[in-house]
Protein chains: 2
Amino acid sequence: MSEFDLRTFLPYLLNQAAEETSLGFSRVYKDRYGMLRTEWRVLFHLGRYGDMTAAEIGRRAKMHKTKISRAVAALEAKRFVTRREDSADRRRETLTLSAQGRRAFDDLVVVAEAHDTRLTANLSAGERAVLIDCLQRLAGFGKGVEPAIDGYKQDEYQ
Amino acid sequence: MSEFDLRTFLPYLLNQAAEETSLGFSRVYKDRYGMLRTEWRVLFHLGRYGDMTAAEIGRRAKMHKTKISRAVAALEAKRFVTRREDSADRRRETLTLSAQGRRAFDDLVVVAEAHDTRLTANLSAGERAVLIDCLQRLAGFGKGVEPAIDGYKQDEYQ
DNA sequence: TCTTGTTGGTTACAAATACAACCATTACCC
DNA sequence: GGGTAATGGTTGTATTTGTAACCAACAAGA
């Protein structure tokens, strides 16, 4: 029988840790605002990094454009987001948080920060630094926006 | 504007890292054997930890029993897994890999090991050790099987 | 033994996701 | 300018997943 152990296999371990750590937070945005994961991601991008188009969110968050399209539609229905057509390029629509959307964002940021603090409470400062650094490298952050690989278009994740 | 940054928020970062690192491997089990993530997880549990029932896999892998039920049905249809009814308790069925299932497992283990090696190639031994340790703690590993929390039954994950 | 509860497992239906196709607009280039 | 490709975004349909309900078998206590 092989030495191979699932408990040190990164894709498995990362998925388990991701699910476990996401649970508490997802319960909040779900119960409090009826949001899905895709929706809070879009909300957070707009709230934290400012107005941008759906395509730009897609590149930053590595979400497929259909997910974004539906998340934006849902956020719009909740009156959290508004669209403004770009007059220079009529394909593009810039997305903005409404006042209500910003209130939800501000509220959820507090929850997220508290949740994150709780999650890292058992880690030393050094451990946390290494963890974040490794995860960012594994996630491909800090490479700007990924170069296209294997014939994938940048835009066409998932 | 808040200081909060998605790029250090663990639930987000872990999800991104998990997706990114899972991609290469999932392509293999999908293309080569038409498996889903749930299916390779079941296959790996049986291949690595020996015969067990669906419920036991569920406890170990924190997968909901419906996911397991369907994954097992799919693996059975592919002739990778067989069931054997427990004569002492006729509710339980012990699952076993067929010879064909074991070949698939052996093949995928090699792929998984190579993939994991590639993923950690840029990490120092120390970084890797810290990473694995932190992830196992975040994932709740090593606590045996989780105590019930908040009125969740052990069995009823997700 | 009855009856109430738990466990192992499947099924049905709703919600969410992936994937491909599509439309409109803009960019490139002959 | 006109054809071809690329980009931004939406929609339709097939797969997957989540959730609840269900059935059968066992457990425990009155």
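First the proteins, then the strands, lettered A, B, ... as listed; each starts at 1. A quick note: this is a predicted structure, and the numbers were derived from the prediction, not measured.
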Exercise for the section: Before giving the answer on side chain to side chain contact (heavy atoms under 4.5 Å, CB included), spell out for B/Leu95 and B/Glu76 the whole-Å C-alpha distance, their side-chain angles and the decisive distance to 0.1 Å. Expected result: CA-CA 10 Å; B/Leu95 303 169; B/Glu76 209 181 7; over 6 Å; no

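Taking only side-chain nitrogens and oxygens, B/Lys67 never comes nearer than 4.0 Å to OP1 or OP2 of C/dT10. Side-chain N/O atoms of A/Arg37 include none lying less than 4.0 angstrom from OP1 or OP2 on D/dT17.
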Taking only N/O atoms, report every protein-nucleotides 23-26 of chain D pair under 3.5 Å with atom names and distance.
unit_1: D/dA25; atom_1: OP1; unit_2: B/Arg90; atom_2: NH2; d: 3.2
unit_1: D/dA25; atom_1: N3; unit_2: B/Arg91; atom_2: NH1; d: 3.4
unit_1: D/dC26; atom_1: OP1; unit_2: B/Arg90; atom_2: N; d: 2.8
unit_1: D/dC26; atom_1: OP2; unit_2: B/Arg90; atom_2: NH1; d: 3.4

Give me the distances for all protein-to-nucleotides 12-16 of chain D N/O pairs that come in under 3.5 Å?
unit_1: D/dG12; atom_1: N7; unit_2: A/Arg70; atom_2: NH2; d: 3.2
unit_1: D/dG12; atom_1: O6; unit_2: A/Arg70; atom_2: NH1; d: 3.1
unit_1: D/dG12; atom_1: O6; unit_2: A/Arg70; atom_2: NH2; d: 2.9

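Annotation: the span from A/Arg92 atom CZ to A/Ser87 atom OG amounts to 11.0 Å, rounded to 0.5 Å.
Between the CD atom of B/Glu85 and the C1' atom of C/dG8 there is a distance of 11 Å, given to the nearest Å. To the nearest angstrom, C1' of C/dG9 lies 13 Å from CD of B/Glu76.
Distances from the side chain of A/Glu93 to the nucleotides D/dT10, D/dA21, D/dT19 place D/dT10 closest.
Between A/Glu39 and A/Arg70 no salt bridge is recorded (no basic side-chain N to carboxylate O distance below 4.0 Å). Classification of A/Arg7 and A/Asp5 as a salt-bridged pair fails, no side-chain N sitting under 4.0 Å from a carboxylate O.
For A/Gln16, the side-chain hydrogen bond (donor to acceptor under 3.5 Å, both in side chains) partners two or more places apart in sequence, or in a different chain, are A/Tyr12, B/Arg41.
Toward the 5′ end of DNA chain D lies the nearest nucleotide of A/Val72, the other residue of the pair B/Thr38 and A/Val72 mapping further downstream.
For the residue pair A/Thr94 / A/Asp51, no side-chain donor-acceptor distance below 3.5 Å is found, with atom types taken as modelled.
Checked against A/Leu75 for a side-chain contact (heavy atoms from CB on, under 4.5 Å), the options A/Leu46, A/Thr38, A/Val42 give a single hit: A/Val42.
Under the 3.5 Å distance criterion, the side-chain polar atoms of A/Ser22 are left unmatched by any main-chain donor or acceptor of A/Glu19.
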